[in-house]
Asks: 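Mind looking over this structure? Questions follow.
Below, chain A is the first sequence line, B the second, and so on; all start at residue 1.
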Amino acid sequence: MNNNFLTDYLASTLRLSVPLAYAAMGGLFSERSGVLNIGLEGMLLTGAFTSAAATFYSGNVAVGICAALIAGGFVGLVHAFLCVTLRVNQLVSGLAINLVAGGLTSFLGRLIFSGSTQRLPVVPAIKIPILANIPVSGILFEQDILVYLLFLIIALTTYFLFYTNPGLNLRAVGEYPSSADTAGISVTLVRYVAVVTGGCLVGCGGAYLALVQINYFTEGMSAGKGFIAIASLIFGRWHPIGSALACLLFGATEALQLRIQALGVNIPYQFLTMLPYLVAMIALIGGMGKSTPPAALGVPYERNSAGKNI
Amino acid sequence: MNNNRIFPIISPIIAITSALIVGAILILIAGANPITAYTALFTESLSTYFGFGNTLTKMAPLLLTSTGVLLALKAGQFNIGGEGQIYFGALGSALVGLYVQAPGFIHVPLALLAGFIFGAVWGFIPGYLKAMRGINEVITTLLLNYIAIDLISYLVQNPLKEANAPSPYSPLIAKSAQLPIIIPGSLAHGGILLALIAVLIVYIVIKRSTLGYQITAVGLNQTASNYAGISVQPTIMLVMAASGGFAGLAGASEVMGLKYRLFEQVSPGYGFDAIAIAFLSRGSVLGLVLNSLFFGALRSGANVMQRSAGAPVTVIYAIQGLTVLFIAIALALEPKLRRDTT
Amino acid sequence: MAYLRLENITKQFGAFIANDNINLCVESGSIHAILGENGAGKSTLMNIISGLYQPDAGKIYLQEQLITINSSADAIKLGIGMIHQHFMLVPQLTVTENIILGTSKNINLNLRQKQVEIKALSQAYNLEIDPTAKVENLPVGTQQRVEILKVLYRHAKLLILDEPTAVLTPLEVKSLMTILRQLAANGHTIIFISHKLEEVINLCDTVTVLRRGKVVATTTTQQTTSQQLAELMVGRQVSLHLNKKSVASGEIVLSVKDLQVKDNRGVTVVKNISFELHAGEILGIVGVDGNGQRELAEALARTGVKVGYIPEDRQKTGLILQFNIAQNLILKAFKNPPFSRCGLLQQEAIKSNAVSAMEEFNIWAPDVNVKVGQLSGGNQQKIVLARELAGVPKLIIAMQPTRGLDIGAIEAVHQRLLAQRERGAAILYISTELEEVMAMSDRIAVMYKGEFVDILDAANATVEEIGLLMGGVER
Amino acid sequence: NNQTTTSTSNFKIAIALPGVISDKAWNQSGYEGVQLAKQKLGVETAHVEKVSQPDQTEVLSDFARRGYNVVIAHGGQFDAAIQQIAPQFPNTFFIGVNGNVSGANIASLRIDHLQASYLCGIIAATMTKSNKLAYIAGQEFQATQEELRGFELGAKSLKKDIKITSTFTGDWNDVAKAKEATLALISTGADVIYQWLDSASATVLQTASDKGVYAFGNTNDQLEIAPKAVLTSAVKHLDVAITYLAELAQKKELKGEVYKLGLERPDILTLGKFSDAVPQALQKQVLSVKQQIIDKKVRF
Ligand SMILES: Nc1ncnc2c1ncn2[C@@H]1O[C@H](COP(=O)(O)OP(=O)(O)OP(=O)(O)O)[C@@H](O)[C@H]1O
Ligand SMILES: Nc1ncnc2c1ncn2[C@@H]1O[C@H](COP(=O)(O)OP(=O)(O)OP(=O)(O)O)[C@@H](O)[C@H]1O
Ligand SMILES: [Mg+2]
Ligand SMILES: [Mg+2]
C-alpha cells in the first residue's frame, strides 16, 4: 500500500510533467535561437487535436503521433515565417497563434468528433525488463514510447546544444546573430530550423496529452500548460536539463497537491491548486533566481544593422 | 509623402479584411451565413446605441490594463501579469465597497484607490524581484497570475461569499461605491472615462514629464542611466507597481461599474489581450486607445455574432486570432511597403 | 599582381551614398591602409568585401577573377577574413567556441581537440590565449587576439582589419604589427584600417584615403607623411601636436587613500591606491587594459562630488543610442531647471541647450532630433563631452576618450580637456595610448594588477621606462 | 444547424451558456434543452456559449432587448446578473438554471441534486471494500456542495464511519488534471468515485475502470463509457426540464419562483441503468429509498 502510493505518486508526477517537458524542450529550441515563443499553448493544442484526429481516422497511434509532429512543425513554420522573415513582433505572433489554435482546434474538433465519444486506441506501454521490476522507481521503465522518447530528447538536446557544431551555431545565433552571420552561418536558416523543430516537439507533447494521458480530444485541453512550460524554461535557465527539472517540479507539486486533497486534509482547495505556482515562486526567490535569457531573444535580425548599435 | 499618411490606415484595413475572409469560409463550413454574421458584428458593435455601449464596456478593462503593460514596456519590463493584477485590483475595490461606508464622492475614489493599490502590490512584487534580485519578471508575473486567481476564488467562496449564492460571488458593494452608467440604459460605465483619464495621464507622464524621461532612459539603457545618476532599481519597481496599479484599476472598474460585486472570474483573459494591444500599438498612446476600442468591438461582437447569426464561438475565436496576426503582419510589412513605393 | 581590385563600387543607404564609385587595388602580399574620417565609408566598403553588404554597383576582382560575394560564407570560402570594428565575438561562448564557430561540417564539436589546435595556433603566432576562457571575461585586448585567431583559423588569405589597434596597448600594437608583417611575408594580403597615422606609415606599404565616400588619394607610405595624410583625410590643416599651456596647480580636488575595489565577482581588482589630484592638473593613468583602470574610474566617478565622467564605452555606458542629441545632453540634468519645471520637461530649454552645445562642441548632425546611434563615433564622443563638461565639474574622469576617433575628433577632444584644465578642473586621464597620455598629462601613474606601481613626472618620463612598468617590471 | 429559425408561434427563447456546447455535460445539456424546446414547442431559439462572467449582463440584457420572451441563464453564476438585469425588462422571463433567485420575472430551475447523489451514496457504501469514497468536481459551489452532501448523507445512512474525501481540480478544462486527481483518489484507497465534471467525465470513468474501482455516471447515462466501473448514473434530463419551464412560460403559467425538480419527475431526474455489479437486492433497496424520497418520507 505504501509502496503503491509512492509508485503512483511518481507515475503521476511523470505523467503531469511529460507534456510540460515536451513543450519546454520545444520552447528551448526556439528561444535558444533567439525567437521568443509564447505560442507553446497553441502548439500543444494543435498537437493534441491533430494526433487525436489522425488516430481517429487511421486507427493507428503512430499515425497520430506523426501527424502531431507535422502539425506542430507547421505551426512552428508559421511562427518562424512571421518572426524571422516578416519580423512581426514575436510576442504578438505567439499570442495570435494561441488564439487561432484555440479557435480552430475547437472548430474542427466539433466537426470531426461531434456526437459519439471518440474511442482511440491506446499507446501501449513498453516494459523494460529487469529495470521495471525495481520497486517504486521501476515505474519509470514501464512507460509508453513518448516518455522514453522524451528522455532521449532531453539527453540529445543537451548533447546537441553543448557538444555539436549545429548546437554551437544555434547558441551563437541566439546570443549574437551578427557574429554568427559574419562567421558564415545563416541566421535565417538556423532560426527556421530551430523554431520548426521546437514546434514538432511541442506537437509531440500535445499528442501525449491527447493519446496517452486522456485518450480523447477536448476543447482547450492544454489548459495553460504551455504557459507553465514557458515558466519552466525560464526557471531552468534555458538549459534542457534545468528546464526538464523545472517541469518535474511543477508536475511533482501538482501531483502532491492532488494527493493532499485526496487524503482529505482540511485546506481550502484553492490553496492546494495554487501550490505548484507558489512553490515555483518560493524556489525562485530562494536563490535559484537569476536567469539570463539568450541575448538576442525577441530581437529580429537585420543584416544592415550588423555590428551596429544593437 | 502621401503614402506615409495612407499606410497606417490602409494596412490594418487590408489585414482585417483578410482575417474576415478566412473567417467567412469557416462560418460557411459551420453552416451559418457570414454576411449576416459580419453585418451583425459591425453594425452592432460600432454603430448601434447599445452595441457601442457594450464595446465601450469591454474597452475599459482592456485600455486600463494595456496602459499598464505599455508603461512597463517603456521601462523595458514585460508585464505578463495583468491578469493577476486585475484580480487583485478587483479585490481591493470590493473590500472598500463592502466594508467601508462613505458618501459617493469619497467612496468611489477610495475604492478606486484601493483597486490601484492592490494591483500595484501585485505588480510591485515582480518589480522588486527583478530590480533587486534580477529574477526574470516574465516568469514571476506569470506565476502570480495563477496565485491571484486561486486566492480570489478562495475568498469569494469563503469569507466574502454572499449567503445562499449558488455560485461564488460576494454581496453587492455599497451603492455609494458604484460607478455611474455613462450611456443611459446601456452597460457603459464610468470605468471608460477612468481609462481615458489614465491613458491621458500616462501619455503626459511619458511624453512630457521628467519621470517619463527617466523611465524611457531606464528602458533603453540601464547601464547608461545608472552612470548618469538615475536610480534604476527604484524606477523599475515604481513602474512595475504603477503598471500593476492600472491593471488593478481595470479590476476595480469591473467590480464597481459592471458587476457591483466581487466574482470569481474577474478577467476572461484581458491581461493577455492587453499584451497584444500594447505591442500592436508600438508605444503609441493613441494606438492604445484605438486598439483597445477595436479589441473591445471584437470581443463584444463575438457575442453578437453568436446571438444573431449563430456563428459558432470557435470560429469567432479563430477570427480574432487571425485578425491579431494579420494586423501584426501588416504593421511589420508597412516600412517595407513604404520603402518600395517611395 | 593585384590580389583584390574594386571597380566603381557604390553603396547607398537610402539617399545617402556611403561609397561613391570606389576604385581600389590591393597588391598581393602587401599591407594596404585605408584612411578616412569617422563616417567616411571605410567600414561600409570592407563590409562589402566581406560579404555582409551587397554593393549597389561595381565589380570585385579577386586575383583578377570577377567574383560576387553574397554572404560572409562566400567571403570565407574565397579566403577573405575580416576583423570587424565592433567585435563579432559571442560574449557567452568560450574562446575556442568563438574561433571554430561555423567552420566545421562535422556534427561533433570535439572541443578538447580544437582547444589543443587553437593553443598551438596561438603559440605559433605569438598570440597567447586561454582557449577555455569565456570571452565576456576577457579584456578587450585579448578579445582582439581572439578575433585575429578566428581569421587565421579560417585560413584567410586576405585579412581585413577594421581599426584593430583602437583597443590595444602599445605593446600589443607592437606585437600585432610583427604578426601582420610576418603574415604578409608569408603571402597573406592585408587591408588595415586605423586612425593612427604613425601606425599606417610604419606598417603599411600603400594607403588609400577616403573622404565622404570617395577615394581622394592613393599613394605609397614612403611618399607621404602623417601631416599630408591628415590633411587629405580632413580636408584642412590639422595640428598633430598639442600646445599645452602650463597651469599653476591649485587646491587639492581629490584625495584618495588606500582605495580597494572589488569587482562583481568579489575579486579585489583595485588595491591600496593613494594619490592626490590638484585643480588644473591632469593625472594620466596608463597600464595594460584590464589592470583595474575601469574599476578605479567607476569607483571615483561615483564619489558624488561634481564629477564629469567620460566612460570607456560611449555606446553602452555613455549614451542612450535610441535617444536623440537633445535628450542625451540632459541625461544627467533632466531633473534640474531649466530642463524641468514642476516635473514637466521644458522642451524649449532642452532644445536650445542642444543647439548651443552642438555649436560649441562642433557636433555635426542635421539637427538636434537625430538619434545618437546614427552619429559617428566622434560626434557621439563630443556629445558625451558636452554633457559631462556642462556642469563645470571640478573633477573630470576621462577613460579612453579618443578611442576609435579620427584625428580631427581627437584634436577636438584634447582641446576640450586642456581647456578644462586651464579653467581649473582636475582631470584623470586614463588611456592605453601611451603617447597620448604622455602628451596630455602633468603626472603619470602606471597601473599594474590593481596597484599604482609608480607615479612619474610626465616631463621626464620616457616611453621605455613606462612600458617596462606597465609590464610589471619594478624599478 | 444552430441558426435562428422563425416560427409561427413567435415565442422566442434564448440561453446563455458559461462553457462550450460540446462538453457532453452541463453546457451541452442546456443547449440541448433549447433545441428540444424548439422541436417540441416550435419556438424560436438562440444561444451564446462561453459567456464569461463579465459578459453575463451584456448577454442577458441584449437577449431581452431583442424581445426574447424567455432568457435562460445556464448556471448559478448567472444569478447576480439576472437580479441586476431582470427589473429592467419586465416583459422577459429570466430563468436561472441551478440558480437560487426568484422575482416578478425571475424563476429558477433547480435539479434536486441531493436526491440522486443520496441514492448513489447508498450504493457506494454497500459496494466499497475500503470504506473510502471519493467525490470529484471541477469547482466548489452550491450545486457541487449539495451533491457532495447528498452523497455523504446517503453513504452515512448505511455506514456511519465511512470516509468521503473530495477533490476540486479548479479548472473544468484541465482534463489531464482531472484524471490525475482521480488516480490520486484511488491511490489513497478510495474505491467508489462520484464525479461531476464535463469534458473530463469520460476520462475519470475510464480511469476508474482501468484501476478496477467503481464510479458513477453523472448528467447522462454513462454506463456505456465504462461498463465495468460505472455502477449507475445520476441522470439529469436538463433538456426536458428546460423545455418544461419554457412550455410553462409559453402558456403564461410560469411563476416567479424556484422550481425544484427531483425524482418525482423521472423524465427529469432519475437513476440510470444499473451495472451487473450491483446486486439485485441492493438495486431493490435503492429503488425503494427512491420511492421514499418521492413520497417525501426521506427528507434532507
Ligand atoms: N547600416 C547603415 N544604414 C544607413 N547608413 C549607414 C549604415 N552604415 C553606414 N551608414 C552610412 O555610411 C557612412 C559610412 O559609414 P562607415 O561605417 O563606413 O564609416 P567609417 O568610415 O567606417 O567610419 P569610422 O571611422 O567611424 O569607423 C556613415 O556616415 C553612415 O551615414
Ligand atoms: N543604423 C545606422 N543608420 C545610419 N547610420 C549609421 C547607422 N549605424 C552607424 N551609422 C553611421 O556609420 C558611421 C560609422 O559608424 P561606426 O559605429 O562605425 O562609428 P565609429 O565612429 O566607428 O564609432 P566607434 O567609436 O564605435 O568606432 C557613423 O557615421 C554613423 O553615422
Ligand atoms: Mg568604421
Ligand atoms: Mg570608429
Asks: Could you check whether any side-chain N or O of Asp263(C) sits under 3.5 Å from a backbone N or O of Val267(C), counting only pairs where one atom can act as donor and the other as acceptor?
Replies: yes
Asks: Could you look at Gln54(C) and say if it's the side chain, the backbone, both or neither that has a heavy atom under 4.5 Å from chain A?
Replies: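 Just its side chain gets close to chain A.
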Asks: Identify which part of Lys150(C) has an atom lying under 4.5 Å from any heavy atom of chain A, answering side chain, backbone, both or neither.
Replies: side chain
Asks: Go through the atoms of Leu93(C) and report whether side chain, backbone, both or neither lie under 4.5 Å from a heavy atom of chain A.
Replies: side chain
Asks: Relative to chain A, which segment of Asp162(C) carries a heavy atom at a distance below 4.5 Å: side chain, backbone, both, or neither?
Replies: neither
Asks: With a 4.5 Å cut-off on heavy-atom pairs, point out which of Ser71(C), Ser72(C), Gly51(C), Ser50(C) contacts chain A the most.
Replies: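 Heavy-atom pairs under 4.5 Å are most numerous for Ser72(C).
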Asks: Treating Arg32(A) as the side-chain partner and Trp238(A) as the backbone partner, does any N or O pair qualify as donor plus acceptor under 3.5 Å?
Replies: yes
Asks: Tyr53(C) ring centre to Lys11(C) NZ or CZ under 6.0 Å, with the angle to the axis within 45°?
Replies: yes
Asks: By a 4.5 Å heavy-atom criterion (distance strictly below it), what part of Ile107(C) contacts chain A: side chain, backbone, both, or neither?
Replies: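 For Ile107(C), backbone and side chain are both near chain A.
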Asks: Select one option (side chain, backbone, both, neither) describing which atoms of Phe162(A) are under 4.5 Å from chain C's heavy atoms.
Replies: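 The backbone, not the side chain.
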Asks: Do you know which of Pro166(A), Pro294(A), Ser179(A), Ala180(A) has the most heavy-atom pairs under 4.5 Å to chain C?
Replies: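 Ranked by contacts with chain C, first place is Ser179(A).
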Asks: Check step by step if salt bridge (Lys or Arg N to Asp or Glu O under 4.0 Å) holds for Glu41(A) and Lys225(A).
Replies: CA-CA 6 Å; Glu41(A) 180 77 2; Lys225(A) 291 182 171 48; over 6 Å; no
Asks: Are any side-chain N or O atoms of Gln381(C) and backbone N or O atoms of Arg314(C), one a donor and one an acceptor, separated by less than 3.5 Å?
Replies: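 A pair under 3.5 Å: no.
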Asks: Centroid separation under 6.0 Å, is that true for the rings of Tyr176(A) and Phe87(C)?
Replies: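 Ring centres of Tyr176(A) and Phe87(C) not closer than 6.0 Å.
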Asks: Is any side-chain heavy atom of Thr132(C) less than 4.5 Å from a side-chain heavy atom of Thr96(C)?
Replies: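 No, their side chains stay 4.5 Å or more apart.
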Asks: Contact part of Leu168(A) toward chain C, heavy-atom cut-off under 4.5 Å: side chain, backbone, both or neither?
Replies: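 Both backbone and side chain of Leu168(A) come within 4.5 Å of chain C.
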Asks: Pick whichever of His84(C), Glu97(C), Lys105(C) has the most heavy-atom pairs under 4.5 Å with chain A.
Replies: Glu97(C)
Asks: At a heavy-atom separation under 4.5 Å, does Gln92(C) approach chain A through its side chain, its backbone, both, or neither?
Replies: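 Side chain of Gln92(C) only, per the 4.5 Å heavy-atom cut-off to chain A.
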Asks: Assess the pair His79(A) and Phe74(A): is the distance between their ring centroids shorter than 6.0 Å?
Replies: no
Asks: Against chain A, label Ser104(C) side chain, backbone, both or neither, depending on which of its atoms sit under 4.5 Å from a heavy atom there.
Replies: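 Both parts, heavy atoms under 4.5 Å.
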